[in-house]
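Just so we're on the same page: letters track the sequence lines, and every chain starts at 1.
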Amino acid sequence: MDTRRRKEGMAMRQLNMVQALNEALDIILNTDPYSLLLGEDIGRDGGVFRVTDGLLQKYGKERVIDTPLNELGIVGTAIGMAAYGLRPIAEIQFQDFIFPAFDQIVNQAAKIRYRSGGKFNAPVIIRAPYGGGIKGGLYHSQSGESYFVHTPGLYVLTPSNPYDAKGLLLAAHKLNDPVIFLEPKRLYRSIKSDVPEGEYTIPVGKAKKLREGDKITIITYGSMVPTVLNVVDKNNLDADVMDLITLLPMDLDSIISSVKKTGRVVIVHEAPRTLGVGAEISALISERAIEYLYAPIFRVTGFDTPFPYANEEHYLPDEDRILKYVRKSLEY
Amino acid sequence: MDTRRRKEGMAMRQLNMVQALNEALDIILNTDPYSLLLGEDIGRDGGVFRVTDGLLQKYGKERVIDTPLNELGIVGTAIGMAAYGLRPIAEIQFQDFIFPAFDQIVNQAAKIRYRSGGKFNAPVIIRAPYGGGIKGGLYHSQSGESYFVHTPGLYVLTPSNPYDAKGLLLAAHKLNDPVIFLEPKRLYRSIKSDVPEGEYTIPVGKAKKLREGDKITIITYGSMVPTVLNVVDKNNLDADVMDLITLLPMDLDSIISSVKKTGRVVIVHEAPRTLGVGAEISALISERAIEYLYAPIFRVTGFDTPFPYANEEHYLPDEDRILKYVRKSLEY
Amino acid sequence: MGSNGGGTLKFLNRFDENELLNAYRVAVYSRTLDDRIINAQRQGIIGFHTPSAGHEIPQVAMGMLLEKDDIVINYYRDLTLLLFRGVPVENLLDHFLANSEDFSHGRNMPDHYNFREYGFYSVQSPVAMHLPFAVGAAYAKVMKKENGIVLSNTGDGGTSTGDFHAALNFASVWKMPIMFVIENNGYAISLPTSEQTKAPIEKKGEAYGIPGISFDGNDIFSALEGFIKAFEYVRTQRSPILVEARIYRMGPHSTSDDPKKYRKDEIVPGSSDDPLVKFKEKLKSLGILNEEFDNEIKKWATEDIERKLEERMKIPPPSKETIIYDVYENPTWIQEEERREWL
Amino acid sequence: MGSNGGGTLKFLNRFDENELLNAYRVAVYSRTLDDRIINAQRQGIIGFHTPSAGHEIPQVAMGMLLEKDDIVINYYRDLTLLLFRGVPVENLLDHFLANSEDFSHGRNMPDHYNFREYGFYSVQSPVAMHLPFAVGAAYAKVMKKENGIVLSNTGDGGTSTGDFHAALNFASVWKMPIMFVIENNGYAISLPTSEQTKAPIEKKGEAYGIPGISFDGNDIFSALEGFIKAFEYVRTQRSPILVEARIYRMGPHSTSDDPKKYRKDEIVPGSSDDPLVKFKEKLKSLGILNEEFDNEIKKWATEDIERKLEERMKIPPPSKETIIYDVYENPTWIQEEERREWL
Ligand SMILES: Cc1ncc(C[n+]2csc(CCOP(=O)(O)OP(=O)(O)O)c2C)c(N)n1
Ligand SMILES: Cc1ncc(C[n+]2csc(CCOP(=O)(O)OP(=O)(O)O)c2C)c(N)n1
Ligand SMILES: [Mg+2]
Ligand SMILES: [Mg+2]
């Protein structure tokens, strides 16, 4: 997909997101002796999505740890490791199962720097596959990003393609604060992109403009990106398409300058509408650029229900649903 | 405060919120033999804020349960009780400590009706004091309502005065779905209002208009209500002041019709701004009434930081901060 | 084991040969169904399955000792127990197929059962999240002065969760009539039990003052013996107990799992170590069963399942409006609006 | 106890009289400070306090056995241990007063200490949330091949949390050099330990394959004896242990608490059961201390604290800009904007 950032002299291969993430983890383990991975089934099994495949064999049990079944323990111990000099990367098997660790994330990781006056910090990365599209039903499909975006002290990142996935995970490893790294599992193997060998980073806090246009701004992230691009390309829409990549802190400047240009906004995400990330985007815009708008700010999102198994294709925003609201905005 | 709903023949007393809540619990325990209370220190001690004072003595250990120190256990067992016919009311000592139970709330209580096709439901009320103003620092001051408002399947309620507190808790007891009942601890004893004896309910899902005006709509809830009323009264503002009371589902109609009338909106809450409840209010308005607005939608909120101890008076939105944005909106 | 006169054999002073034979029949039926579902998953008819091969023996044993008023708060690997307690296979198939006759309009992944009418709770995915719930259910039973006890089971992995800790402590402090059953099949997906915990699982109750009992769950008589003691304890003491049934997960964790990545199979289905084969041999040696009858049972099971699967596959999928039902008793304006706008 | 020659008494084959006397001095100083803080709270000088009266003995015992490289991941009732490990009382007072010299700009409620330089972690309120953290800290120590062990303590109430369960299991499975200390003071706010759990706390390790040890924490020699064994075990086996010090919380849970609502005081401060009084009597009977010297110690402690409190009270409060510092290494635009707009 995005090849603009191709670096001089770096060999490119077509990789899927699982391979790209695996490569990023390999680089981290290889270059940072204090880095390590921990999670359920990440070692021998290589992770249920195979993101950590082969790494136990390469780096040993001390640095690729198959943990007992307890997310609180995974995150809680990782925070302790991080505060005392290691660089742990924890995997939560599905984001749906992160909630037993919620207290550790919200009350410990996110507040440790603040309450200790900077004497302690917790550079821990918590990776979690999220979102629907794999027929996972209520408990293997959730998009819980809002719970983290509302929590100051965290970074919340989500890539939408293999290239970004690798560079973003490498960038996350350089942050000295806790990171929730959400991986859109629907895109794990469905798309390939050119991925350079070796190290490179994607800037944290910066959105990417994937299409440039004048009539409307479509803001999205993660698994909805390919769907949005399809809508735009198939319908020849004159649209700015923004992939947020960083959900906390969001790239305010890019959002606002695009909206000032186009005057129309549609926000697309999988998570339920009420207090989904779209709510914050909308609020930021109507605080700062309301007089530039020609139309209401529309949100196209998952429903305010748990995530259903049988009808997931109707739950997830699809091209029709997005197009309907793009048209509504354009015709307003 | 609000006496408009005074019922014929009901004796009125001036009560504070702690007394009003205690009375509601007393009525529930007295009239519903399957109701019961559980939580830490709610029995012998009467609760650290004394909301359950005297109830153990009156109803016995089977129905007023001092639990071990485990919020997951409190909420998890309460859901089981509720699903099998009881009407448990759980107390979380401070909302800050609800997160160990987050999984039970989000993945169990909120989804039980859905995943069981209505065969099971969990009419459990989870009471929790929240918010700042008592010099509680990071862990005795949080306003975490957003975490629950983003979770379909829950009701989220918060009263702002003794009268509403009693009627709202009695209303919550009649709901057949889980309720997060947030009590603004700053107002526990700081205001008194007329409270009728006996049973009455406050409608769930309906906001209250506390002041009627034409120039601006100020939307708030919980502990910020008295502060907002002070600003409006002291400055003779021609404002609609809305106390949401129900945060999920919000009273959309009242919000939209007020905004259509005034064309200006300021939202006030204690929780951090990013994805605070104000974000959803703002987004709902700019989806549905943007062409009625004369000014940006402003949010006056707590900062995007953990909650500090020493400087809490600067952290909390105060009259000056609110007034500044009301003026900014009026002069826009 | 032995005769107690009157011409009828009584095993363990309790079960006659028909009961044993019935247990065997349910176990065989369960295995047959399990295999068929795995197959259906490969054919793309069904989306997912967590096989229960290897779990049949303790589950029929529980089934034989459960009483009508007992509530079971179970997990996702309990196909045999569901069949034992009378859940019609049609309902199970509707659930696996997630069709419009499914109890929840196909909202759940397969194996997330919900059969309240048959004394079960609704299965969720988060491991062990149902254990504190079970304690609450027991509390309701006691407070409402209902008969019966609560049985709640989960896997060895489940013992590591905070839910397990909370549930056992609350059950003990409240002295609830509840049996916690750990179906220790040696693995939590890829993690062997020896890395899940360094303590014997039966000892875990001691941290809460709850007695523990452990037995070979691959053998029907040792399973029955163990469960008889455990049920007796809970029914008479009205107090919790922790039961460990030592078994072996013979298949993959789920249809998405490939155990070759992390283990060599120790017990191969159909081999002489297969607990179902051992059960058969036991019954044969007791003169209750012969090969011919066994073949008949298996043929009946296969044909019955095949016929019913074909029949249930004709049922249409759930309508899309069902997405917004059952979030609340009454939908809020949000769900209503979403339905109007999209469904 | 006894002499090992050379004219110097060696107690428990290990401590000389100066060390015992020092321990006593710290314990007295801690009690004096504790009382003064409670008083200051009543005067409105300080906002809140969780008194540590009754916790001094096990804390000085730990202090005597900890080594420089050991990390302590502690909780909010550890004033004595902080003093023992050398945290200057000025720093403690700055923290209690939440003034601008406080390490975190007064962001924390009192008793939420943070003295990394003295081998401590930062105290948070959620009970036992620091236990899994301690296991991670131990993991870092081991991986970085550093000397020393990790000690992590909490209250009896803490044993009921999911954090306790996770921490002990991970520590055992990973075989970490960590000592979990339960300061069992009989109550979690109003809940007596007998209702917190139906098992002896020392037995709780067995659920994880971790040995337990329990002793009378009101007696300095039994506390020292117990801790000597426990430290020896962790240092030589490089494995976790669970220690229960049986003590009594002599004061209220916190300055907001009124214990009269839920209990009759069993041990009254200053009475002959007060562990500090018992410590004094022991030292007197050993000929290490006399009343005069004891009075001197107490006078010194009182005056020292008074003088320093007066001095630290002159320090101004933290500036309001500090609200937005330290959320991240570098503030995001959100904090920057909030600072510009409001602070
Ligand atoms: C809280 C949580 N974490 C992770 C998972 C993913 N997961 C599903 S089953 C399983 C292993 C469970 O093992 P065990 O408890 O032994 O039961 P078994 O499947 O062996 O019967 C895991 C890790 C989950 N469902 N819930
Ligand atoms: C998770 C959590 N729940 C509730 C509280 C409120 N609370 C503070 S201290 C305490 C009791 C702790 O008792 P224990 O662990 O025995 O320690 P002690 O105070 O007796 O030393 C409670 C319930 C809390 N801080 N954290
Ligand atoms: Mg298992
Ligand atoms: Mg205690």
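Atoms NE2 and CG, from His253(C) and Asp45(A) in turn, are 10.0 Å apart once rounded to the nearest 0.5 Å. Distance check: Tyr315(A) OH to Arg107(C) CZ gives 12.5 Å after rounding to the nearest 0.5 Å. For the atom pair NE2 of His112(C) and OH of Tyr309(A), the computed distance is 10.5 Å after rounding to the nearest 0.5 Å. The distance from the CG atom of Leu69(A) to the CG atom of Asp156(C) is 9.0 Å, given to the nearest 0.5 Å. Atom CD1 of Ile42(A) and atom OG of Ser190(C) lie 9.5 Å apart (nearest 0.5 Å).
In this structure, no portion of Asp102(C) lies under 4.5 Å from any heavy atom of chain A. Pro126(C) touches chain A through backbone and side chain together, each having a heavy atom under 4.5 Å away. Neither the backbone nor the side chain of Leu97(C) comes within less than 4.5 Å of any heavy atom in chain A. With a threshold of 4.5 angstrom between heavy atoms, Asp96(A) does not approach chain C through any atom at all. Of the two parts of His105(C), only the backbone, made up of N, CA, C and O, holds a non-hydrogen atom closer than 4.5 Å to a non-hydrogen atom of chain A. Neither the backbone nor the side chain of Phe94(A) has a heavy atom closer than 4.5 Å to any heavy atom of chain C. Within the 4.5 angstrom heavy-atom criterion, no atom of Phe49(A) approaches chain C.
Under the salt bridge (Lys or Arg N to Asp or Glu O under 4.0 Å) criterion, the residue pairs touching residues 299-318 of chain A are Arg299(A)-Glu280(B), Arg299(A)-Glu287(B), with sequence neighbours excluded.
Counting only distance, with no hydrogens or angles, the side chain of Glu195(C) and the backbone of Pro68(A) share no donor-acceptor pair below 3.5 Å. Asp66(A) places no side-chain N or O within donor-acceptor distance of the main-chain N or O of Leu191(C), the cut-off being under 3.5 Å.
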Dump the intermediate steps for side-chain contact (heavy atoms from CB on, under 4.5 Å) on Ile189(C) and Gln93(A), then the final yes or no.
CA-CA 11 Å; Ile189(C) 307 188; Gln93(A) 204 161 80; 3.5 Å; yes

Take Glu341(C) and Tyr325(A) through the test side-chain contact (heavy atoms from CB on, under 4.5 Å) and record every step on the way to the result.
CA-CA 11 Å; Glu341(C) 187 72 16; Tyr325(A) 271 85; 2.4 Å; yes

side-chain hydrogen bond (donor to acceptor under 3.5 Å, both in side chains) evaluation trace for Asn70(A) with Thr161(C)
CA-CA 5 Å; Asn70(A) 187 311; Thr161(C) 63; over 6 Å; no

Evaluate the criterion side-chain contact (heavy atoms from CB on, under 4.5 Å) for residue pair Tyr139(A) and Gln124(C); output intermediate values, then yes/no.
CA-CA 8 Å; Tyr139(A) 296 108; Gln124(C) 86 289 320; 3.6 Å; yes

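Contact tally against chain C (heavy-atom pairs below 4.5 Å) for Arg50(A), Glu40(A), Lys135(A), Glu71(A): the top residue is Arg50(A). The candidate with the highest count of non-hydrogen atom pairs below 4.5 Å against chain A, out of Trp342(C), Tyr262(C), Phe48(C), is Trp342(C). Ranking Phe99(A), Phe97(A), Phe303(A) against chain C, the residue ahead of the rest is Phe303(A), based on heavy-atom pairs under 4.5 Å. Among the candidates Arg263(C), Met109(C), Arg339(C), the residue making the largest number of heavy-atom pairs closer than 4.5 Å to chain A is Met109(C). Of the listed residues (Gly137(A), Pro306(A), Ser141(A), Gly136(A)), the greatest number of heavy-atom pairs within a distance under 4.5 Å of chain C belongs to Gly136(A).
Counted within 6.0 Å of NZ on Lys261(C), heavy atoms from surrounding residues, nucleotides or ligands total more than 12; the atom is thus considered enclosed.
The contact list for residues 321-337 of chain C toward chain A, using heavy atoms and a distance under 4.5 Å, reads Thr322(C), Ile323(C), Ile324(C), Val327(C), Trp333(C), Ile334(C), Gln335(C), Glu337(C) by residue number. For residues 266-274 of chain A, the interface with chain C (any heavy-atom pair closer than 4.5 Å) comprises Arg273(A), Thr274(A), sorted by residue number.
Closest approach of Ala310(A) and Pro318(C) over heavy atoms only: CB-CG, 3.7 Å.
Remark: Thr220(A) pairs with no residue by the side-chain hydrogen bond (donor to acceptor under 3.5 Å, both in side chains) rule, at least two apart or across chains.
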